[in-house]
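One structure is given below, encoded as structure tokens.
Residue numbers begin at 1 in each chain, while the letters A, B, ... track the order of the sequences. Computed from a predicted model, the values in this text were never measured in an experiment.
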2 protein chains.
Amino acid sequence: MDLTGTDAPAARFDAFTASCPSRQLLDTIGNKWASLVIVALGLGGRMRYSELAARIAGVSQKMLTQTLRNLERDGLLTRTVTPAVPVRVDYELTSLGRSLLETMHHLKEWAETHMPEVHQAREEYDQRDT
Amino acid sequence: MDLTGTDAPAARFDAFTASCPSRQLLDTIGNKWASLVIVALGLGGRMRYSELAARIAGVSQKMLTQTLRNLERDGLLTRTVTPAVPVRVDYELTSLGRSLLETMHHLKEWAETHMPEVHQAREEYDQRDT
DNA sequence: CTGGATCCACTTTGATACTG
DNA sequence: CAGTATCAAAGTGGATCCAG
């Protein structure tokens, strides 16, 4: 890996470039709701819309629907409608989605395990300038 | 790593819970600018404000400043002001920040390597309903 | 009744201009 | 150079309404 930052990889996608499509992808997967949806589906397997809503506390229907649509569009999960009464909609990770799962899980784990250090850093920071 | 979700540890932080502090942390580190800043600093080592702005194309000063402030507050990077004319401000990852680097790099790498599959998935999705 | 679309108040983001 | 201030634009969440 080049650590000097002087020779950005040219013939590949580079998320540092604004116009690169991978930037949009990073934007899609790099928000809190998307990461939580992916981890939730990774843990729970196939889940209904209402199960996801219950599992991911605090998400609005609008954001959940929007997030699921985006992830479906990007091929990270499948949406299955079972036409019954009442209708049943299931979501499940694709293999592409599962390939992202490990990284996402690391992210969530990191946030949870390093929370104490961050919390302490915040308090010190907030005390610096009154 | 337990992926079944059957033995969720009770006495730990859980980002699925809205009130959990780790949710806020996930919110901080799980956005595109924060991840790009962290990866950039991971690659470039100590960097000036203007270097970061140049490297991360498309970021506004406001968002870059805000992101840097948040990451500094969370103890992920240090901000060093050298009082000269003109003033010089350097940013550098802390050890805590570097501990997150690997995961962030995975995320960026994933986005770049899987871009073709996502792109194809998008086209198929967009063709489904005209 | 479940999934989700729409309308509206509120928050966040971005472009531009200005300051130590 | 490294920000801050200001305002317009876009995104977010809540309440409500609609289809099956």
Pairs satisfying side-chain hydrogen bond (donor to acceptor under 3.5 Å, both in side chains), at least one member in residues 67-78 of chain B, at least two apart: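 Every side-chain hydrogen bond (donor to acceptor under 3.5 Å, both in side chains) pair that includes a residue of residues 67-78 of chain B, provided the two are not neighbours, is A:R122-B:D74, A:D126-B:R73, A:R128-B:E72.
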
Whole angstrom value for the distance that separates [atom2] of [N] from [atom1] of [X]:
| X | N | atom1 | atom2 | answer |
| --- | --- | --- | --- | --- |
| B:K32 | C:dT12 | NZ | C1' | 12 Å |
| B:Q24 | C:dT12 | CD | P | 13 Å |
| B:D90 | D:dA2 | CG | C1' | 12 Å |
| A:M63 | C:dT11 | CE | P | 16 Å |
| B:Q66 | D:dT4 | CD | P | 11 Å |

Calculate, to the nearest 0.5 Å, the distance between atoms [atom1] and [atom2] belonging to [X] and [Y] respectively.
| X | Y | atom1 | atom2 | answer |
| --- | --- | --- | --- | --- |
| B:E112 | A:L26 | CD | CG | 8.5 Å |
| A:L41 | A:R98 | CG | CZ | 10.5 Å |
| A:Y91 | A:L71 | OH | CG | 10.5 Å |

side-chain hydrogen bond (donor to acceptor under 3.5 Å, both in side chains) evaluation trace for B:H105 with B:E102: CA-CA 5 Å; B:H105 200 74; B:E102 200 177 347; over 6 Å; no

Side-chain (A:T94) to main-chain (A:G97) donor-acceptor, under 3.5 angstrom: yes

Salt-bridge present (A:K32, B:D27; N to O < 4.0 Å): yes

Given DNA chain D, 5'-ward residue of the pair A:V85 and A:W33, judged by closest heavy atom: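 Taking each residue's closest nucleotide, the earlier one in sequence belongs to A:W33.
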
Nucleotides 2-9 of chain C: protein proximity per nucleotide (B base, S sugar-phosphate only, - neither; heavy atom, under 4.0 Å): BSSS-B--

Five-pair end axes of the helix from C:dC1-D:dG20 to C:dG20-D:dC1 and the angle they enclose, rounded to 10°: 30°

Option passing side-chain contact (heavy atoms from CB on, under 4.5 Å) with B:W33 (candidates B:L68, B:V59, B:I38):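 Option passing the side-chain contact (heavy atoms from CB on, under 4.5 Å) with B:W33: B:V59.
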
